Each structure stands twice: as C-alpha cells, then as structure tokens.
Trainee: 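Mind looking over this structure? Questions follow.
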Number of protein chains: 2
Amino acid sequence: MRKGRPNDPQRRDRILRATLAVIGDEGVHATSYRRVAARAEVPLGSMTYYFTDLETLIVSAFESLGQTLQPLYANPLRDARDDAEAVEALVAATCGATSPSRHEIRQYTEMYQYAARSARVAELVREFQDESLHVLRRRFSDGAARAVDALIWGWWTYRSFHDTPLDEEIVRRAFGALVAELADDTSSGSTEGEPT
Amino acid sequence: MRKGRPNDPQRRDRILRATLAVIGDEGVHATSYRRVAARAEVPLGSMTYYFTDLETLIVSAFESLGQTLQPLYANPLRDARDDAEAVEALVAATCGATSPSRHEIRQYTEMYQYAARSARVAELVREFQDESLHVLRRRFSDGAARAVDALIWGWWTYRSFHDTPLDEEIVRRAFGALVAELADDTSSGSTEGEPT
DNA sequence: CTCAAGTGCGTACTACGGTACGTACTACCA
DNA sequence: TGGTAGTACGTACCGTAGTACGCACTTGAG
C-alpha cells in the first residue's frame with residue numbers, strides 16, 4: 001500500500017544509514033536486505049527498488065562512510081602548521097576528538113574485511129588508503145607516513161577490542177618518535193639500540 | 001557407507017586444516033560445513049560428527065592457528081639478548097622470515113572479525129593479544145610494548161592489501177625509534193618536534 | 001473521465017546452509 | 001553365532017536470504 005507521497009527523497013538516505021548501523025552492530029555478514037529494511041523501517045520491496053542488489057547497497061554504504069570519516073582527520077592534519085601540530089592532529093585522530101568511535105572503527109574494519117570478497121570495495125579501500133597516505137606525505141617523509149599510517153590503524157584496532165582508553169601521552173610520544181626518526185627516509189638508521 | 005577402517009585419526013586434523021584453508025581463501029563468512037567438507041574431501045556427515053556445530057569447528061580452527069603462529073614470532077623475541085636483537089626479531093616478525101604469509105594474515109584478520117560475533121573467539125583473541133603483550137613486556141617497557149604491538153598489526157594489515165613488500169629498513173628504524181623513545185614510559189615526552 | 005507512464009511495494013521462487021536423526025557397519029564379548 | 005556398543009555417515013527438514021516479477025496507486029495529458 002503506497003504511502004501517498006509520490007516520492008520520498010529521504011528514504012534512500014535512511015536506508016544507507018540503517019545499513020551502516022547494521023554493519024556496525026552485527027557485521028557485514030549479517031547485513032541482509034531484510035535486516036536493514038527492518039532497521040530503516042521500510043518495506044523489503046523498497047530495498048531492491050533503491051539498490052538493485054545487495055553488493056550495491058553495501059558498497060554505497062561504505063562510500064558514504066568514507067566521505068564522513070576521511071575529512072574528519074585529514075583536515076586537521078592538512079591545516080597543521082608544523083610537525084608538533086601535525087603530531088597533535090595524529091593523536092586526536094587516534095584517540096581524541098577527531099577519532100572515530102568504536103562503532104565507526106567497527107564499520108571501518110568490516111569494510112576492510114569485505115574488501116576481500118568484493119572487488120569494488122577493495123578498490124574503495126585502496127582509494128582511502130592512498131588518500132590517507134597522500135595527506136600524510138604532504139606533511140612527513142614517505143617512510144614516516146607509512147609508519148604513522150600503520151600505527152594509527154593498529155591503535156584503532158586495539159581500541160575496537162578494549163574498553164580501557166589509550167594512554168594519550170604514549171600515543172603522542174610514539175608518533176613523535178616515528179616522525180623524528182624517519183624525518184629523512186633515505187636508509188641510514190640510528191636504530192642499533194645498544195649494541196652488545 | 002563406511003570406509004572399512006574403524007577410525008581415522010587424521011580425519012579431524014584434515015578437517016581443521018581445510019577449515020583454515022577455506023577461511024583464508026574465502027573468509028569465515030563463506031565457511032560452511034559443506035564447503036569445508038568438499039575441501040577436506042570428507043562427507044558432510046563427518047563434519048557434524050567431529051564438530052557438533054559450526055562455531056565449534058571455527059573456534060577449533062582458530063585455536064590451532066594461534067598455536068601455530070604465536071611461537072613463531074614469540075620465541076625469537078624471547079631469546080633476544082638485547083634490544084637490538086629484539087628489534088631484529090620484530091622486523092623478522094613483521095616482514096621477514098618469521099612473519100606470517102598473506103594467507104595467514106588473512107586468517108588472522110578473519111579471526112579478529114569473527115570475534116565480534118563469537119564470545120569464544122573474542123576470548124581467544126584477547127588471550128592472544130595478552131600473550132603477545134606479555135612477551136613484548138618482558139623485553140620492553142609497557143608503553144613501548146603497546147606501541148610496538150599496534151605497529152606490527154598495522155603493518156600486517158598493510159601487507160594483506162599490498163603486493164609491494166615493506167621497506168625493511170623503514171620498519172627497523174620505526175621499531176627502533178619506538179623502543180628508544182618509550183624506553184621509560186613515565187610520561188616525560190621529548191616529543192615536541194620543532195616548536196614554532 | 002480515461003488512459004498511459006512511472007513510482008513504490010508485496011510476495012513468491014529458488015538456493016543454500018545448519019543441524020537432527022536414522023542407518024549401516026565394525027568390533028568385541030558371551 | 002547372536003547381540004550390543006560405538007563409530008561414521010547419508011539424508012531430509014526447516015529457516016533464511018537474494019532476487020524476480022507483477023500489482024497497486026499517483027500523476028498528468030487528452
């Protein structure tokens with residue numbers, strides 16, 4: 001039974017938001033037309049109407065996720081005026097004001113996982129990673145950018161498993177150390193530690 | 001129709017190996033009794049005989065994965081005689097001889113993912129993480145251990161998405177920097193970079 | 001008022017997957 | 001030889017899920 005209105009422009013967005021909610025709460029594996037439909041309170045038929053198949057729905061949801069999260073931490077980094085400010089931006093992105101919530105981290109890891117079975121999502125992930133690296137490289141050396149990128153991800157993963165928050169000071173010093181040590185990344189290595 | 005032999009002690013192991021193979025190739029989401037049965041070349045009925053339900057099968061597979069991988073990188077770390085050797089062990093575990101293959105990394109990330117929907121696997125993951133942290137803390141400060149742990153994971157994740165190998169020298173210097181900077185982790189911070 | 005186009009939806013079809021259950025076959029004891 | 005316990009397996013049942021398809025309802029032209 002039609003609602004009456006000939007079109008509902010919010011419906012598509014509602015579905016996308018519900019999709020991300022389901023992905024975050026139950027994982028992509030549990031993300032079915034029916035479950036999303038229930039969550040968004042739209043009939044099943046609407047799902048296939050707006051998104052012809054399930055993969056399209058999921059890819060669209062992940063796209064919107066990226067558009068939401070990327071700027072959140074890319075912008076402060078872009079605007080940092082020196083390395084110290086940049087490190088602060090990294091700390092904030094890892095566990096501070098601009099960092100994703102655990103729910104968002106979960107969505108992110110689900111996207112990474114789904115990339116293994118969807119070429120389109122794999123492409124998406126690669127774009128996100130490239131963009132992230134690109135932003136970091138404007139600020140740091142290539143080596144530092146790569147290390148920092150990996151460390152951010154590692155800490156996000158940690159956060160998704162533990163309730164105890166990260167020690168901000170350790171995070172700060174870790175990023176600072178990477179940035180300083182890898183300021184130039186032409187192999188040289190002051191790394192030996194204390195040789196025997 | 002029975003095979004004739006009253007018992008086949010290898011069968012259970014074959015099933016477990018096939019399970020990990022399926023998980024690595026197609027992901028846990030695609031890990032079904034039938035698929036594993038086909039892969040292990042055992043009849044479907046055997047599956048439920050050896051593993052009463054699917055979760056038990058998957059948990060068992062992940063347990064065996066952990067028992068395989070943990071010692072691989074924990075042992076060299078435990079045997080390191082100084083920080084320099086320890087850093088070398090970390091490099092080897094990240095991208096060298098003792099590092100997991102991409103296939104194994106995939107299995108590992110699938111385990112992490114599955115933890116979100118299985119309390120038993122979540123417990124497993126936490127045990128693995130604790131054990132890993134424990135090993136690192138014998139060698140490094142708490143802060144360094146946490147940072148190193150996160151960075152390893154970040155780089156493994158990177159490897160699972162990219163064919164180009166990691167630059168070993170950058171990896172070495174990154175670990176070295178973390179270990180040196182966080183040698184004591186009572187907040188002090190030589191982190192300011194170059195203040196303006 | 002009639003009709004055609006297009007939007008939105010209800011439903012049914014088919015496939016797949018977990019699991020319960022019964023069955024065959026072996027080994028061993030009396 | 002008969003019987004019983006336990007191992008291993010074949011199959012059928014039921015639920016869930018993606019998707020195809022066609023029906024309603026609105027709108028606007030004539």
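The shown structure was predicted, so the numbers you read here are calculated from the model rather than taken from an experiment. To find a chain, count down the sequence lines: A is the first, B the second, and so on, and within it residues start at 1.
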Trainee: Rounded to whole angstrom units, what separation is found between the CG atom of A:Leu44 and the P atom of D:dG18?
Mentor: 9 Å
Trainee: Can you measure A:Arg14 atom CZ to C:dG8 atom P for me and round it to whole angstrom units?
Mentor: 13 Å
Trainee: Using atom CZ of A:Phe51 as one end and atom P of C:dT7 as the other, report the distance to the nearest whole Å.
Mentor: 16 Å
Trainee: For C:dC16, take OP1 and OP2 only and decide whether either is under 4.0 Å from a side-chain N or O of B:Arg35.
Mentor: no
Trainee: Is there a donor on the side chain of A:Arg11 or the base of C:dG8 sitting less than 3.5 Å from an acceptor on the other?
Mentor: no
Trainee: Does D:dG18 have OP1 or OP2 sitting under 4.0 Å from an N or O in the side chain of A:Tyr33?
Mentor: no
Trainee: Does a side-chain N-to-carboxylate-O contact under 4.0 Å join A:Asp167 and B:Arg146?
Mentor: no
Trainee: Would you kindly compare B:Arg34 and A:Gly45 by the position of their nearest DNA chain C nucleotide and give the one closer to the 5′ end?
Mentor: A:Gly45
Trainee: Return the value, rounded to whole Å, for the distance between atom CG of A:Leu54 and atom P of D:dT16.
Mentor: 17 Å
Trainee: Looking at A:Glu123 and A:Arg126, does any basic side-chain N land under 4.0 Å from a carboxylate oxygen?
Mentor: yes
Trainee: Which whole-number value in Å describes the distance from B:Glu55 CD to C:dG17 P?
Mentor: 18 Å
Trainee: Separation of B:Tyr50 atom OH from C:dT19 atom P, in whole Å?
Mentor: 19 Å
Trainee: Report which part of the nucleic acid A:Ser32 touches: base, sugar-phosphate, or nothing (heavy-atom distance under 4.0 Å, all strands).
Mentor: sugar-phosphate
Trainee: Taking OP1 and OP2 of D:dC9, is either one under 4.0 Å from a side-chain nitrogen or oxygen of B:Tyr49?
Mentor: no
Trainee: Rounded to the Å, how far apart are A:Leu57 CG and D:dG18 C1'?
Mentor: 12 Å
Trainee: Using 30° and 60° as the class limits, which term best fits the ring planes of A:Trp155 and A:Phe175: parallel, tilted or perpendicular?
Mentor: perpendicular
Trainee: Does either side chain, that of B:Ser60 or that of B:Arg12, offer a donor lying less than 3.5 Å from an acceptor on the other one?
Mentor: no
Trainee: Using the benzene-type ring in the case of Trp, are the ring centres of B:Tyr112 and A:Phe161 under 6.0 Å apart?
Mentor: yes
Trainee: Provide, to the nearest angstrom, the distance between the CE atom belonging to B:Met47 and the P atom belonging to D:dT11.
Mentor: 17 Å
